[in-house]
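To start, the structure under review is shown below, and the notes come after it.
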Amino acid sequence: MTARSNPDLPPDEVAERLFQSEHETLLRAILGNSTDGLFVVDAQGRNLYANDMARRILGPGFTHYDPRIWSERYGLFYPDTRTHYPAEQLPLYRSLQGEEPPEVDLFIRNAAHPEGRHFRVRSMPVRDSQGRLLGAITNLKDTHDQRQAEAGQLRTKLRFQLMLETAQEGVWMIDADRRTTYVNQYAASLLGYTPEEMLGRHLLEFVYQPELSRTVRELMTQENEGQAVLLDDFRLVRKDGTPVWTLVAACPVQDESGGYLGSLAMITDISQRREDEEKVRRLNAELEQRIGERTAQLEFSNRELESFAYSVAHDLRVPLRSISNFTQALSEDCSATLDTTGLDYLQRIRASSQRMAELIDGILAISRVNSAELVETDVDLSGLAHTVAEQLQRWVPERTVRFRIRDGLVDRGDAQLLRLVLENLMGNAWKFTRDKPVAEIEFGIFPGTGHGRVYFVRDNGAGFDMEYQKKLFGVFQRLHTQQEFEGHGVGLATVQRIIRRHKGRVWGEGRVGEGATFYFTLHELTGTPPAFR
């Protein structure tokens, strides 16, 4: 098919009619300064006029051409596929056929635009007053930057959409009527739906029944005050009717005047967390039950042991008292008939029975410490230490002993039991310094206050070998013979039990012949003893 022409009019007359105007100069100036490419052809497709922008777009040599090869000559392509645009579909060609074609988008790549640019092309036929076709006017509008910007926005939108759809967290949007306008795949799958099934449905359709009043209340607050809402441990309902535990973080979407447009919410599945918490709760309940049962068993065992200790003590005291009384009677009534060896044997029997009585007293003392009720008050430890020192000095007034007691030491505890601690520790220091011409016994505290303060009782007596340190607090465990220093081996064991009841620790250090130091703490929560020297 060729372009329709009018043989009655020569080309010069066509051009004259196209541009015949008393404002021709003004019209040409306007067209020449246009940012769009504009050109005019006659009915045969010959170039009658082209502004500078059109020449820059179509390249050099734009004069006369066959419209059927115009696409290839000037490098016109489809914008997306980049294949040649058919000549028959070009707006110019169709205009020369007498049509009024719509605008089309073209990708032009030629010598003028080696990398190519996007243009929007519009052509319209030109007729005379009798309706005869004179030619066509074509407009080329540069849309490259706009297309690039739109492509960038599209890529951003696609990336954002991909991010939302691949997110491992639910994204949910509702409008002012609380109907779903968007939900990503994760949120829909969490509830057992497809996104399409949820669109347009009211929010409350997906809320577990017991949570409805809470939902309405929170969303009303959100709507009225424009505040974000955090719903922890919130149950939504799946398509099959089962609840699912979620964490919902919602924020309102408002217009420029602050009007409520809807909400955007992030949905996190916390079912696993809730399941783990439930397991921990059950384990804690089982543990508490076991501890209670174990505590009851220990209390029963302690009562049994206490009863046994008193029973044994009572049952043993009677024969021991008989042994002691009869040996004394033999010594008094039969001393004339016994030789020296016999009297010595009687003395040894009597001493052993007294030793046994002391051990029984020690067992009872430990039992009383374990069973006594702990009554805590503010205890003046310095005052107790002074009292114990005065008592020791009155027993053996001829001894020279220097007591150094730090004043002002007050702590929480049971006054009677803490006095027993000081009596045992200071009594040991008194006993093991008896061979010193001048004995030194000190009660004090290391620097520091509050929890973790460390008290000590120090002496310059016989001391002990640190190799046997672990035996210090054992019942009936002694590091010295009875001949060296008297005792029955329950004093330090009693001290340890009292300190433990006060949630503290006790330990000792010493060197043979250089004295010993015993440390203790009260109400200590954590930590290890410092390395004292």
Side-chain angles (χ1 to χ4, degrees), residues 35-36 79 102-103 105 118 120 122 141-239 241 243-271 273-274:
T35 58
D36 294 346
E103 293 181 344
D105 289 320
H118 291 274
R120 183 162 293 163
R122 181 181 181 185
K141 183 177 183 63
D142 189 335
T143 60
H144 190 76
D145 293 339
Q146 178 183 349
R147 287 286 298 244
Q148 292 292 90
E150 290 175 352
Q153 292 174 356
L154 179 60
R155 287 193 297 269
T156 300
K157 180 179 179 180
L158 291 175
R159 284 197 297 268
F160 181 70
Q161 185 174 0
L162 179 63
M163 180 179 65
L164 291 180
E165 291 303 322
T166 58
Q168 295 303 299
E169 191 168 14
V171 181
W172 196 342
M173 295 186 68
I174 60 173
D175 60 18
D177 295 326
R178 301 189 182 91
R179 295 191 176 277
T180 303
T181 57
Y182 172 79
V183 63
N184 70 347
Q185 184 62 48
Y186 183 90
S189 298
L190 178 64
L191 300 181
Y193 295 91
T194 64
E196 293 73 20
E197 288 178 309
M198 295 181 63
L199 292 179
R201 296 179 62 177
H202 200 279
L203 169 67
L204 296 184
E205 295 183 44
F206 306 100
V207 177
Y208 196 55
Q209 189 66 31
E211 310 287 3
L212 283 178
S213 60
R214 178 184 176 189
T215 302
V216 173
R217 184 175 64 253
E218 296 289 354
L219 289 180
M220 286 182 63
T221 301
Q222 177 194 58
E223 181 177 352
N224 295 336
E225 300 181 6
Q227 297 179 354
V229 175
L230 181 65
L231 303 176
D232 197 4
D233 293 332
F234 188 79
R235 286 175 293 181
L236 298 173
V237 62
R238 294 189 179 96
K239 188 176 182 179
V244 55
W245 289 100
T246 64
L247 170 66
V248 180
C251 61
V253 178
Q254 299 174 318
D255 58 20
E256 296 180 355
S257 61
Y260 179 74
L261 298 178
S263 296
L264 169 66
M266 305 299 292
I267 314 296
T268 304
D269 183 3
I270 61 170
S271 301
R273 190 196 79 184
R274 290 281 305 190

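Remark: Leu203 CG to Asp177 CG distance equals 12.0 Å, nearest 0.5 Å. Rounding to the nearest 0.5 Å gives a distance of 4.0 Å between CZ of Arg274 and CH2 of Trp245. Going from atom CG of Leu264 over to atom OH of Tyr182 covers 10.0 Å, rounded to the nearest 0.5 Å. Here Leu247 contributes atom CG and Leu231 contributes atom CG; the two are 8.5 Å apart, rounded to the nearest 0.5 Å.
Pairing each heavy atom of Tyr208 with each of Gly241, the nearest pair is CE1-O, 4.3 Å. Considering all non-hydrogen atoms of both residues, Leu230 and Ala249 come closest at CD1-CB, 4.0 Å. Shortest non-hydrogen contact noted between Pro243 and Arg238 is O-NH1, 3.2 Å. When all heavy atoms of Arg147 and Pro79 are compared, the pair lying nearest together is NH2-CB, 3.6 Å.
Tyr186 has its side chain within reach of Asp269: a pair of non-hydrogen atoms, C-beta onward, lies under 4.5 Å apart. Side-chain contact check for Val244 versus Arg235: every heavy-atom pair is 4.5 Å or farther apart.
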Problem - Chi angles and distances behind the side-chain contact (heavy atoms from CB on, under 4.5 Å) call for Leu190, Trp172 - result: CA-CA 12 Å; Leu190 178 64; Trp172 196 342; over 6 Å; no
Practice task
Might you work through the side-chain contact (heavy atoms from CB on, under 4.5 Å) test for Val207 and Val237, ending with a clear yes or no?
Solution key: CA-CA 6 Å; Val207 177; Val237 62; over 6 Å; no
Practice task
Give the C-alpha distance, both sets of side-chain angles, the deciding distance and a yes or no for side-chain contact (heavy atoms from CB on, under 4.5 Å) between Ile267 and Leu191.
Solution key: CA-CA 11 Å; Ile267 314 296; Leu191 300 181; over 6 Å; no
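Distance alone, capped at 3.5 Å, is enough to place a donor-acceptor pair between the Arg179 side chain and the Gly200 backbone. Checked by atom type and distance alone, the side chain of Thr180 pairs as donor or acceptor with a backbone atom of Arg201 at under 3.5 Å. Checked by atom type and distance alone, the side chain of Asn184 pairs as donor or acceptor with a backbone atom of Glu169 at under 3.5 Å. Side chain of Ser263 to main chain of Ile174: no donor-acceptor pair is present (N/O by atom type, distance under 3.5 Å, no hydrogens or angles). Judged by distance alone, with hydrogens and angles left aside, the side-chain atoms of Gln146 form no donor-acceptor pair with the main-chain N or O of Thr143 at under 3.5 Å. The main-chain N or O of His144 is never found under 3.5 Å from a side-chain atom of His118 such that the two would form a donor-acceptor pair.
Contact check on Lys239 versus Glu197 returns a salt bridge, with a Lys/Arg side-chain nitrogen under 4.0 Å from an Asp/Glu carboxylate oxygen. Between Asp36 and Arg122 there is no salt bridge, since no side-chain N of the basic residue sits under 4.0 Å from a carboxylate O of the acidic one.
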